[in-house]
Structures are given as C-alpha cells and as structure tokens.
Visitor: 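Let me begin by handing over the structure; questions about it come next.
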Amino acid sequence: TPATQRHFAREYDRFGDSYFADTSPDQLKELFSGMKDVP
Amino acid sequence: MERKVSRISLVSEPSKIYFLQVFWEKELSTGFAISLTDGLSAWTGKVSEVDISREAEDMAMEKEKYIDELRRALVWEEGSADTYIFDFRKESGHFFYEKSLKDVSFRLGSVELQEVSSPDEVIRELIGHCLDCIAEQQSKNKHLQKENERLLSDWNKIQKQLEKYVSAREVLEADLYNRFVLVLNEKKAKIRSLQKLINEGQAPEKDTQNER
Amino acid sequence: MERKVSRISLVSEPSKIYFLQVFWEKELSTGFAISLTDGLSAWTGKVSEVDISREAEDMAMEKEKYIDELRRALVWEEGSADTYIFDFRKESGHFFYEKSLKDVSFRLGSVELQEVSSPDEVIRELIGHCLDCIAEQQSKNKHLQKENERLLSDWNKIQKQLEKYVSAREVLEADLYNRFVLVLNEKKAKIRSLQKLINEGQAPEKDTQNER
C-alpha cells in the first residue's frame with residue numbers, strides 16, 4: 001500500500017540499506033551482491 | 001649420414017643374433033648401404049636408388065609405398081606391428097628381407113653382400129657408434145632432467161604467487177568492507193541524530209501550543 | 001649386476017681401440033669382473049674383494065681411497081679430470097691400469113685375463129647390451145620430454161590464471177568502490193533532506209511566534 005511504501009522509503013534507501021541501523025561487513029557484502037544494473 | 005642398428009635373426013639360423021646396420025643420406029629412397037655382422041664376420045652391400053625403383057616396379061607397388069615398407073623393415077622402431085623376416089645365404093652373399101603377413105610372406109627386397117676382410121674394424125666401429133649414441137642420449141637425458149627441475153621450480157613459484165594473490169585479494173576485500181562500513185555507519189549515526197532532533201522539535205511545539 | 005662399457009687404448013697399441021667392460025654387484029669393493037675385446041678376440045678375468053684389499057695394502061693406501069681411484073679408472077664418466085692408462089700383455093694375459101700424474105704414473109692394479117674361446121658370443125652380447133642401453137635411454141628421454149611438455153603447459157595455464165586474477169582484482173576493487181559510493185550517496189541525500197526539514201521547521205516556528 002502507499003502507506004507501506006512510504007514507511008519503507010523513510011526507513012531504507014533504494015538499495016535496501018537501512019538509514020538508521022548500523023550495518024556490518026557481511027551485511028554490506030550481501031547488499032552489494034544484490035545491487036543490479038550498477039552503472 | 002643417418003644410421004640405424006638393429007638386432008635381427010635369420011630364418012636359416014633362428015637362434016643366432018645378427019646385427020644389421022643401415023646407412024643412408026637424408027632419404028632412404030636415394031639408396032642405402034647395409035652392413036651385417038654376427039660378432040665374428042661382417043658383410044656389406046649397397047642398394048642404389050635405381051635398385052629401389054626396380055624393386056618397386058617388380059612388385060607393382062607405388063614407389064612411395066614401397067619405400068615406406070622398406071623403412072618399416074630396415075629402420076624400424078620398437079613396437080612396430082608389422083613382421084619382417086630376414087635371411088642370408090653366406091655362400092652366395094644373398095641377403096633378403098620379406099614382409100610377413102598372416103599366412104604368406106612376400107619378398108620386399110634383396111642385396112648382394114660382400115664379406116669384409118677386416119670384420120674387427122666393422123665391429124669396433126659399430127660398438128664405438130653405440131657407445132657414442134649412449135653418451136649422446138645420456139647427455140640429452142641430463143639436459144631434460146635439468147629442464148624438468150627448472151620447470152617444476154618455476155611452477156611452484158608461480159603457484160605460491162597465485163596463492164599469495166588469492167589471500168591478498170581476500171584481505172583487500174575484507175579491508176575495504178570494513179572501511180566502507182565505518183564510513184556508512186557514521187552517516188547513519190548522523191541520520192539518527194537528525195531524526196531525533198526532528199522528533200524532539202515536534203514535541204516541544206505541541207507543549208508551547210498547550211501552554212498558550 | 002652393474003656394468004660399464006668404455007673405450008680404451010693400450011699403451012702398447014695406442015692407435016687401436018679396445019672395449020673394456022667392468023661388471024660388479026652393488027659395490028665395486030666387493031670385487032668385479034673384467035672383459036676386454038678388440039672386436040676380434042676377447043679376454044676375461046676377475047678381481048676379488050681380497051685382491052682389492054691386498055692392492056690397497058701394497059700401495060699403502062686407505063681402502064676407501066683406493067676403491068675411489070679404482071672407480072675413477074674403470075667406471076669413469078666422461079669429463080673426468082684424471083688420466084688413467086691401460087696396458088695388456090696378450091702373451092701373459094696380464095692387464096694393468098695406472099694413474100697418470102704430471103711426470104709419473106703409479107700402478108693402480110692388475111688382473112690376469114684369459115682368452116675367451118668364443119669371442120663372437122662376448123661381442124654379440126656386448127653389442128646387444130649397448131642397443132638395450134640406447135633403447136632404455138630413448139625411452140627415458142621420451143618420458144622426460146612428455147613430462148616437460150606437461151609442466152610447461154601447466155605453467156602457462158597458471159600464468160594465465162594469475163594474469164586473469166590480477167586484472168579481476170582491479171575490476172573488483174573498482175566495482176566495490178562504485179557500489180559503496182552509490183550507497184553512501186543515498187545516506188548523504190537522506191541527511192540533506194532531514195537537514196532541510198529541520199531548517200524549514202525552524203523558520204515556520206519563528207513566523208508563528210510573530211503572528212502571536
């Protein structure tokens with residue numbers, strides 16, 4: 001729903017990384033591997 | 001001058017070993033010399049290019065195919081599948097060679113051999129040649145062995161280099177991620193503090209309104 | 001049974017080649033057999049372990065050192081720096097070997113040789129042995145050659161792998177930085193928008209106060 005969309009947009013960037021919660025090297029590696037069409 | 005020395009036995013003396021030497025220049029087709037010895041006597045003879053052509057004609061065989069057969073018979077390497085038989089009539093000096101098939105054998109060629117007056121010279125020369133071949137092969141062997149060791153050493157070095165590289169790459173990757181995470185988490189801490197400010201900024205405004 | 005075949009010349013017949021064969025079991029020190037041939041005749045004899053000990057004693061030489069000298073004289077490899085001389089008295093069958101130094105030579109040993117009744121057998125066996133040695137060396141060389149080709153091929157493969165790895169590492173590094181920058185810039189954009197919110201939040205509050 002639009003509300004859910006807005007919630008996730010507030011909490012996470014377009015790659016799925018949280019704006020607020022610290023990340024770890026493993027989490028970052030997983031994030032990078034999921035990034036598609038990287039220019 | 002090319003030379004091949006082989007052990008043969010004669011049909012007429014199957015239990016005795018003879019040594020056959022074949023000498024030729026570049027190509028067998030241009031003619032060759034034959035030397036036969038039993039370690040006591042020696043006989044030599046020649047087969048000319050003309051003789052070869054004539055033999056091929058007599059056998060109604062293509063010259064190239066005939067020479068190939070000659071090569072297999074006289075200059076063979078171990079493990080040849082074909083069987084060739086030899087015989088020598090000492091009285092006449094007639095030496096001939098045949099190809100043996102299942103139930104039949106056909107004459108490949110023959111040559112008249114003359115007995116050598118000093119067989120010991122032929123024999124000494126033959127043994128000397130063999131010793132030279134052995135020495136040459138041993139020298140090649142030594143060289144190949146050295147080469148082999150060098151290649152193995154090079155391979156081990158580059159293998160270690162690759163291993164180093166693989167582990168260095170893994171270290172690099174881990175290091176980069178660590179650095180990235182530090183920088184990112186600083187930004188997230190900033191985001192959290194700004195969000196907190198915003199949240200607190202809304203609450204005090206409500207209180208002020210109430211007071212009013 | 002170990003065997004060494006060498007070409008020698010005799011002091012009494014310097015222009016003629018003889019072939020010396022030395023046969024021994026494991027160690028020369030336990031005794032050895034000698035066979036000498038000129039391609040026409042052949043002579044054989046034996047030197048026992050006792051003979052060796054006695055010769056060493058006669059020469060007042062340590063047995064180990066004496067055997068070492070014997071080895072150099074009779075079983076030498078090409079390129080030995082030392083010179084050894086041989087001679088043979090056919091009438092007596094006396095065969096001896098000496099070590100030759102600058103101006104003097106000293107007797108190393110001797111053996112009584114008996115003439116062989118069938119020298120052709122000895123000669124045939126010798127030539128046969130030489131041909132076997134040649135074949136064995138050729139086979140060894142073939143194997144070493146193959147081994148070298150394999151090692152070279154392996155080295156080339158791993159070299160290419162390393163090159164790929166080096167360029168892949170550079171690509172990896174660039175790619176990781178690329179992705180990091182994208183994710184980092186998202187955080188910066190968020191910070192900017194929060195900062196903007198905060199700034200806008202302050203301004204309207206001031207206006208409200210003035211209005212009041």
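Throughout, a chain's letter reflects where its sequence line sits, starting with A, and its residues are numbered from 1. Values in this document were obtained by computation on a predicted structure and should not be read as measured data.
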Visitor: Can you tell which part of B:Phe19 gets under 4.5 Å to a heavy atom of chain C, answering side chain, backbone, both or neither?
Guide: side chain

Visitor: Contact part of B:Leu176 toward chain C, heavy-atom cut-off under 4.5 Å: side chain, backbone, both or neither?
Guide: side chain

Visitor: Distance check, rounded to the nearest 0.5 Å: B:Asn148 atom CG versus C:Gln145 atom CD?
Guide: 10.0 Å

Visitor: Do B:Ile158 and C:Gln161 have side chains that approach each other closer than 4.5 Å (heavy atoms only, starting at C-beta)?
Guide: no

Visitor: Calculate, to the nearest 0.5 Å, the distance between atoms SG and CD1 belonging to B:Cys130 and C:Ile134 respectively.
Guide: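 Those atoms lie 4.5 Å apart.
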
Visitor: Carefully, step by step, assess B:Phe180 and C:Tyr177 under the rule side chain to side chain contact (heavy atoms under 4.5 Å, CB included).
Guide: CA-CA 9 Å; B:Phe180 292 167; C:Tyr177 274 113; 3.8 Å; yes

Visitor: Looking at CD of C:Glu121 and CD1 of B:Ile17, how far apart are the two atoms once the value is rounded to the nearest 0.5 Å?
Guide: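 If we round to the nearest 0.5 Å, C:Glu121:CD and B:Ile17:CD1 are 12.0 Å apart.
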
Visitor: Could you tell me which portion of B:Ser6 (side chain, backbone, both or neither) has an atom closer than 4.5 angstrom to a non-hydrogen atom of chain C?
Guide: backbone

Visitor: Tell me, for C:Ser118 versus chain B, whether the close heavy atoms (under 4.5 Å) come from the side chain, the backbone, both or neither.
Guide: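 Neither part.
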
Visitor: B:Glu136 versus chain C, heavy atoms under 4.5 Å apart: side chain, backbone, both or neither?
Guide: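 Neither part, no heavy atoms under 4.5 Å.
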
Visitor: Under 4.5 Å from any heavy atom of chain B, what part of C:Tyr18 do you find: side chain, backbone, both or neither?
Guide: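 Answer is neither: C:Tyr18 stays 4.5 Å or more from chain B.
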
Visitor: Which bit of C:Asp132 comes within less than 4.5 Å of chain B, counting heavy atoms only: side chain, backbone, both or neither?
Guide: both

Visitor: Specify which of C:Val183, C:Val5, C:Val166 makes the most heavy-atom pairs with chain B at under 4.5 Å.
Guide: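 If we count pairs closer than 4.5 Å to chain B, C:Val166 comes out on top.
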
Visitor: Any chance you could measure B:His143, atom NE2, to C:Leu144, atom CG, to the nearest 0.5 Å?
Guide: 10.5 Å

Visitor: Run B:Leu151 and C:Leu152 through side chain to side chain contact (heavy atoms under 4.5 Å, CB included) and show every step you take.
Guide: CA-CA 7 Å; B:Leu151 285 167; C:Leu152 191 61; 3.8 Å; yes

Visitor: With side chain to side chain contact (heavy atoms under 4.5 Å, CB included) as the criterion, how do B:Lys16 and C:Arg124 come out once you've worked through the C-alpha distance, each side chain's angles and the decisive distance to 0.1 Å?
Guide: CA-CA 10 Å; B:Lys16 192 174 178 190; C:Arg124 280 197 301 273; 3.5 Å; yes

Visitor: Where along residues 20-38 of chain B does a heavy atom come under 4.5 Å of chain C, listed by residue number?
Guide: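 Hits under 4.5 Å: B:Asp38.
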
Visitor: Tell me, for C:Val122 versus chain B, whether the close heavy atoms (under 4.5 Å) come from the side chain, the backbone, both or neither.
Guide: neither

Visitor: Where on C:Glu125 is there a heavy atom nearer than 4.5 Å to chain B: the side chain, the backbone, both, or neither?
Guide: neither

Visitor: Quick check on C:Leu162 against chain B: is it the side chain, the backbone, both or neither that has a heavy atom closer than 4.5 Å?
Guide: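 It is both, since atoms from each part get that close.
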
Visitor: Nearest 0.5 Å please: distance from the NZ atom of B:Lys188 over to the CD1 atom of C:Ile191.
Guide: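 It is 11.0 Å, given to the nearest 0.5 Å.
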
Visitor: Output the distance between atom CD1 (C:Ile127) and atom CD1 (B:Ile127), rounded to the nearest 0.5 Å.
Guide: 4.5 Å

Visitor: For the residue pair B:Tyr165 and C:Tyr165, categorise the inter-ring angle as parallel (less than 30°), tilted (30 to 60°) or perpendicular (more than 60°).
Guide: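 Plane angle over 60°, so perpendicular.
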
Visitor: Would you find a donor on one side and an acceptor on the other, under 3.5 Å apart, between the side chain of B:Asn141 and the backbone of C:Gln137?
Guide: no

